[in-house]
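The structure under discussion appears below in the form of structure tokens.
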Amino acid sequence: MTSILVLNGPNLNLLGTRQPEIYGSTTLAEIEAICDMAGAIHGASVTCLQSNHEGELVEAIHAARGVHDAIVMNAGAYTHTSIAIMDAIKSTGTPTIELHLSNIHAREPFRHKSYIAPVAVGQICGFGADGYRLAIEAALAYLDQMPS
Ligand code: DQA
């Protein structure tokens with residue numbers, strides 16, 4: 001069974017109450033349920049993990065190798081700062097879809113830079129909570145067309 005890891009970074013545990021005008025009112029628990037359902041519809045299993053700590057996210061990416069077929073990652077603010085997360089994705093080679101609830105390119109200039117983008121399969125942003133479903137579908141479609 002295809003397995004997808006959904007990794008959420010710092011402050012995303014606050015979804016629902018955190019700047020709802022930007023991030024919407026869907027909680028992280030609701031997003032994780034959406035992810036489970038999006039996987040189940042396609043017969044894939046989804047594991048969700050959230051951490052506020054850069055090192056824990058790096059370790060989760062390491063641990064995903066050989067266990068999960070793809071990663072959907074919202075690295076939160078680490079997107080714009082973390083060479084460590086970029087290196088972890090590059091070094092372990094698990095196909096990774098970068099995801100953001102907001103359209104980072106339409107926001108402050110410091111959010112336009114992503115360290116994840118150069119090592120990701122692609123980026124989905126600006127679709128709110130529905131982006132997680134889109135990212136899981138994109139990951140599954142990508143895996144489907146990969147030569148076996
Ligand atoms: C975010 C965008 C980031 O710039 C921000 O730091 C976040 C959330 C998003 O999902 O839109 O924490 O990744």
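Quick caveat, the model's predicted, so the values are computed rather than measured. When a ligand or atom number is given, it counts from 1 through the structure's own listing order.
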Distance, nearest 0.5 Å, that separates CD of Q123 from CD1 of I104:
4.5 Å

Hey, what do you get for OG1 (T96) to NZ (K90), rounding to the nearest 0.5 Å?
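Going from the OG1 atom of T96 to the NZ atom of K90 covers 11.0 Å.
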
Which pairs would a plain distance check flag for residues 17-25, meaning a side-chain donor or acceptor within less than 3.5 Å of a matching protein atom at least two apart in sequence or in another chain?
unit_1: T17; atom_1: OG1; unit_2: L14; atom_2: O; d: 3.1
unit_1: Y23; atom_1: OH; unit_2: R107; atom_2: NH1; d: 2.9
unit_1: Y23; atom_1: OH; unit_2: R107; atom_2: NH2; d: 3.4

H80: partners by side chain to side chain donor-acceptor pair (under 3.5 Å), with sequence neighbours left out:
none

Report all N/O contacts between ligand 1 and the protein shorter than 3.5 Å as a table of atom names and distances to 0.1 Å; if there are none, say 'none'.
unit_1: ligand 1; atom_1: 4 (O); unit_2: H80; atom_2: NE2; d: 2.6
unit_1: ligand 1; atom_1: 4 (O); unit_2: R111; atom_2: NH1; d: 2.9
unit_1: ligand 1; atom_1: 6 (O); unit_2: A77; atom_2: N; d: 3.2
unit_1: ligand 1; atom_1: 6 (O); unit_2: R111; atom_2: NH1; d: 3.1
unit_1: ligand 1; atom_1: 10 (O); unit_2: N74; atom_2: ND2; d: 2.9
unit_1: ligand 1; atom_1: 10 (O); unit_2: L101; atom_2: N; d: 2.8
unit_1: ligand 1; atom_1: 11 (O); unit_2: L101; atom_2: N; d: 3.3
unit_1: ligand 1; atom_1: 11 (O); unit_2: S102; atom_2: N; d: 2.9
unit_1: ligand 1; atom_1: 11 (O); unit_2: S102; atom_2: OG; d: 2.6
unit_1: ligand 1; atom_1: 12 (O); unit_2: R18; atom_2: NH1; d: 3.1
unit_1: ligand 1; atom_1: 12 (O); unit_2: R18; atom_2: NH2; d: 3.1
unit_1: ligand 1; atom_1: 13 (O); unit_2: N74; atom_2: OD1; d: 2.8
unit_1: ligand 1; atom_1: 13 (O); unit_2: H100; atom_2: ND1; d: 2.8

Apply the test salt bridge (charged side-chain N to carboxylate O under 4.0 Å, His left out) to residues D130 and R133: give CA-CA distance (whole Å), side-chain angles for both, the deciding distance (0.1 Å), then the verdict.
CA-CA 5 Å; D130 195 39; R133 175 189 65 81; 2.8 Å; yes

Return a table of donor-acceptor pairs under 3.5 angstrom between the side chains of residues 30-41 and protein atoms on other chains or two or more places apart.
unit_1: E30; atom_1: OE1; unit_2: T27; atom_2: N; d: 2.9
unit_1: E30; atom_1: OE1; unit_2: T27; atom_2: OG1; d: 3.4

